[in-house]
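Notes follow once the structure below has been shown.
FYI, side chains are in, hydrogens and waters are out, and symmetry mates aren't considered; it's all heavy atoms of this structure. None of these values were measured; they are calculated from a predicted model. Counting starts at 1 for both ligands and their atoms, following the listed order.
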Amino acid sequence: MSTTPSGITILGSTGSIGLSTLDVIARHPDRFRVVALTANARAEELAEQCVRFRPRYAVMADADAAERLRRMLADRSPDTEVLAGHDALVRVAGLPEVDHVMAAIVGAAGLLPTLEAAKRGKRVLLANKEALVMSGALFMQAVRENGAGLLPVDSEHNAIFQCLPDNYTAGEPPRGVRRILLTASGGPFRTLPIRQLCSVTPEQACAHPNWDMGRKISVDSATMMNKGLEVIEAGWLFGLETGRIQVVLHPQSLVHSLVEYEDGSMLAQMGNPDMRIPISHALGWPERIASGAAGLDLLEHGMLQFETPDSARFPCLGLASAVMEAGGTAPAILNAANEVAVAAFLERQIPFTTIHRVIEDALERCAVQAADTLQVILDADEMAREAAAELIMQAKVVVAR
Ligand code: NAD
Ligand code: MG
């Protein structure tokens, strides 16, 4: 066991992954020292975390929220310096006293700080799949060139990583592997009659049968865009083309993914659907540390099911495979349009079934370019957001008529 605790920055500490990360870290005060915590606008929640974990820095993306946090911490955690804005997020991801960076901001907002962590050679614990989907080749290059560590936190990718040999290097096609299988629960609408999908509410979409997650990823699970993003994520993490990544529906969410080897052996990682398991695996790697999660009782469950996903019910899966084939800025366009469409659905501006249409139309409108600089990727993101917002305005006009 290490004698000096490792410094850690948690980007997005007030979210679902952030909270689970702090839960694991609190079990290992000898291993981890929290250097920085960050949040978007929830100052009260970040204040409580600061009082408990005493970070050197606390960052609020929002300046007004930072001012509120400063006042709350003046007496209660005076050694915590409160910073504001996006540049501060990037700064705390690259601090010299930080060894681990948990990338748990949701969406494109996490790209620059996560990339900074890679550029500074940190051990990046990646939950923020959107960052990798947007910037794939550039991100993997930053990891390689700066000797960064890259440990998948997404449960499926973490499962695959656990089923690969110990000396596996991120981004390289794993030796002797025929293909990987990503499991997917199918979300809350796996069996709902398709004609009812147009009238489902944000509350129904966010009520995931097995996992308790943030609202954006919950809607992504309901459309299965989450799995689409994960196919792209797996392509970059494991150096595999689309044809070697199969999506399998598995409603129980107990087998978190599988690797099939050339000899026909298939290795799977199993466990209860509790994100503290992949989080603690990534935090402790290569050692195993306690997560607080209960062991899996197979006898209680009895049965495991596997099915082929229905492409008519889940059109987002096909869109994601197509953009992975197209390459360049196509995944960034898909990701941005999806973020805008999901936010509009959550605000009740568009029906659930319009989400994939907005993405499809944005992909048609925005020209794909080679994603060889960060600026090209950020421009594609912005262009796709504008296109999606315009399409949503039009969709609202149609709904209002
Ligand atoms: P969440 O919505 O619960 O939390 C998001 C966090 O990001 C919060 O701390 C929030 O303050 C912060 N944030 C949001 N917008 C921001 C902005 N503009 N600037 C700075 N900070 C911002 O989300 P989550 O469910 O914890 O998911 C986080 C990431 O992890 C996502 O990329 C998701 O796909 C991925 N992930 C989550 C789970 C899960 O079980 N929740 C599983 C696998 C992967
Ligand atoms: Mg996942």
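Residue S16 places at least one N or O, backbone or side chain, under 3.5 Å from an N or O of ligand 1.
Using a 4.0 Å heavy-atom cutoff, G18 is absent from the residues neighbouring ligand 1. Not a single heavy atom of R42 sits less than 4.0 Å from an atom of ligand 1. In this structure, L89 is part of the shell of residues with a heavy atom less than 4.0 angstrom from ligand 1.
The distance from ligand 1 to the heavy atoms of A127 drops below 4.0 Å at these ligand atoms: 30 (O), 32 (O), 35 (C), 36 (N), 44 (C). Within the listing of ligand 1, atoms 32 (O), 34 (O), 44 (C) sit less than 4.0 angstrom from a heavy atom of K129. The A109 neighbourhood of ligand 1 comprises atoms 17 (C), 18 (N), 19 (N), with distances under 4.0 Å to a heavy atom of that residue. Shown in contact with I17 at under 4.0 Å from a heavy atom are these atoms of ligand 1, numbered in order with element: 26 (O), 30 (O), 37 (C), 38 (C), 39 (C), 40 (O), 41 (N), 42 (C).
Less than 2.8 Å away from the Mg ion (ligand 2), the protein contributes these N/O/S atoms: D154 OD1, E156 OE1, E230 OE2.
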Next on the checklist: If you apply the rule side-chain hydrogen bond (donor to acceptor under 3.5 Å, both in side chains), what do you find for S185 with H208, and how did you get there?
Outcome noted: CA-CA 9 Å; S185 69; H208 196 280; 3.0 Å; yes
Checklist entry - Under the side-chain contact (heavy atoms from CB on, under 4.5 Å) criterion, do V101 and L11 qualify, and how do the steps go? => result CA-CA 7 Å; V101 174; L11 301 166; 3.6 Å; yes
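Between the side chains of N338 and D220, at least one donor N or O sits under 3.5 Å from an acceptor N or O. H157 and E230 form no side-chain donor-acceptor contact under 3.5 Å, judged by distance and modelled atom types alone.
If you look at M275 next to ligand 1, the close heavy atoms, those under 4.0 Å, all belong to the side chain. At a 4.0 Å heavy-atom cut-off, ligand 1 touches E130 through the side chain alone.
For F189 and F352, the gap between ring centers is short of 6.0 Å.
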